[in-house]
Amino acid sequence: LQVQVTLAGFLNGESIWSKSQKQAGIDLDQYAISGDKANLAAFRANYALLASDRSARDAIASGDFDNQKVIQAFVRGDVIPRAIPGMIFILDHIPSAPYIRQALEAWRSTDASIDELGEIANELERAHADGELSTVQLARQRGRILALNTYIEPRTKVFSLEIALGASWIGQILFISVLAAAILAVLLWLRMATRVRASVRGSEERYRLLFD
């Protein structure tokens, strides 16, 4: 059950991460057009969620991390609380497991693009503050935002698909394991019952001989 909760946490976290990334792109594009600081604030809020999940991932990958700080980072990323311990265990001990490795590779491949969105936000903020954002610059920045979102989107889908396939794979392993354990338990019970029955029969024979 804990394994399934952990995988559900990965899937839910990916869903939230993906929505935040898409919304960040929308907010940044709107800010480029309007210069409205509310759009910039919305972008930074979603960007902070993306950065929080990434910081937790990278801290665990370093091998030397503060468990409580990682938990807090995942909480800021709206990860299911019950799934966090299992996620930390998987990322710390079995990051090369089937499907998990591919999912993490897809996730890491978006890091540079996410960083570039942050750089664009800073450039736009300075340009709007100075009143120097020309039509050409606006078109160029919006083109960059669109290109980055186009690059990131299929990789988030790869992450989601790999986690889903991993959940199915682990589910099959768990089912086989439980079935094997149940069969083993039945066989042990049958063996024990046979030995008890033989013991009872032996006792009956001894008492019969005694009475005779």
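Note that the numbering runs from 1 along the sequence shown for the chain. All values below were derived from every heavy atom in this structure, side-chain atoms included, with hydrogens, water molecules and symmetry-related copies excluded.
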Please walk me through it: do N149 and Q21 pass side chain to side chain contact (heavy atoms under 4.5 Å, CB included)? CA-CA 8 Å; N149 287 332; Q21 182 274 317; 2.8 Å; yes
Decide yes or no on side chain to side chain contact (heavy atoms under 4.5 Å, CB included) for R54 and D115, but give the supporting numbers first. CA-CA 11 Å; R54 177 179 170 183; D115 289 342; 2.7 Å; yes
Show, in sequence, the C-alpha distance, side-chain angles and deciding distance for W107 and I163, and conclude whether the side chain to side chain contact (heavy atoms under 4.5 Å, CB included) test is met. CA-CA 11 Å; W107 185 4; I163 292 296; over 6 Å; no
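By the 4.5 Å heavy-atom criterion applied to side chains, Y47 and L28 are not counted as neighbours. Between D92 and F65, some side-chain heavy-atom pair lies under the 4.5 Å cut-off.
With no hydrogens or angles considered, no side-chain donor-acceptor pair links Q137 and R140 at under 3.5 Å.
Judged by distance alone, the side chain of S52 and the main-chain N or O of A48 form no donor-acceptor pair under 3.5 Å. Between the side chain of N39 and the backbone N or O of G35, no donor-acceptor pair lies under 3.5 Å.
The shortest non-hydrogen separation linking R101 to S96 is CB-CA, 4.0 Å. For the residue pair S109 and R155, the shortest heavy atom distance occurs at OG-CD, 3.2 Å. Minimum heavy-atom separation, A32 to L124: CB-CD1, 3.7 Å. Closest non-hydrogen pair, A42 versus D27, comes out as CB-OD2, 3.3 Å. Summarising the geometry of G77 relative to L49, their closest heavy-atom pair is CA-CG, 3.9 Å, with the distance given to 0.1 Å. Here the shortest heavy-atom pairing between A59 and V70 reads CB-CG2, 4.0 Å.
One finds the CG atom of N67 at 12.0 Å from the NZ atom of K69 (value rounded to the nearest 0.5 Å). Atoms OH and CG, from Y151 and L146 in turn, are 15.5 Å apart once rounded to the nearest 0.5 Å. With rounding to the nearest 0.5 Å, the separation of CH2 in W17 from CG in N12 is 14.5 Å. A distance of 10.0 Å separates CG of L174 from CH2 of W169, quoted to the nearest 0.5 Å. The distance from the CD atom of E116 to the CG atom of L148 is 4.5 Å, given to the nearest 0.5 Å. Taking OG1 of T110 as the reference point, atom CG of L117 lies at 10.0 Å (rounded to 0.5 Å).
With I145 as reference, I120 is the one residue of I120, T150, I26 to meet the side-chain contact (heavy atoms from CB on, under 4.5 Å) rule.
A salt bridge links R57 to D111: one of the charged nitrogens lies within less than 4.0 Å of a carboxylate oxygen.
Follow the hydrophobic side-chain contacts under 4.5 Å out from L161 and you never reach V158; the two are in separate clusters. In the hydrophobic clustering of ILVMFWY residues, with side-chain heavy atoms under 4.5 Å counting as a link, V5 and I88 come out apart. Taken together through direct or relayed side-chain contacts under 4.5 Å among Ile, Leu, Val, Met, Phe, Trp and Tyr, I114 and V79 form part of one hydrophobic cluster. Note on L104: it does not cluster hydrophobically with L165, by side-chain heavy-atom contacts below 4.5 Å among ILVMFWY residues. I33 is not connected to Y31 by any chain of hydrophobic side-chain contacts under 4.5 Å among Ile, Leu, Val, Met, Phe, Trp and Tyr, and they are in different clusters.
Crowding of D64 atom CG: a count of heavy atoms from other residues, nucleotides or ligands under 6.0 Å not exceeding 12.
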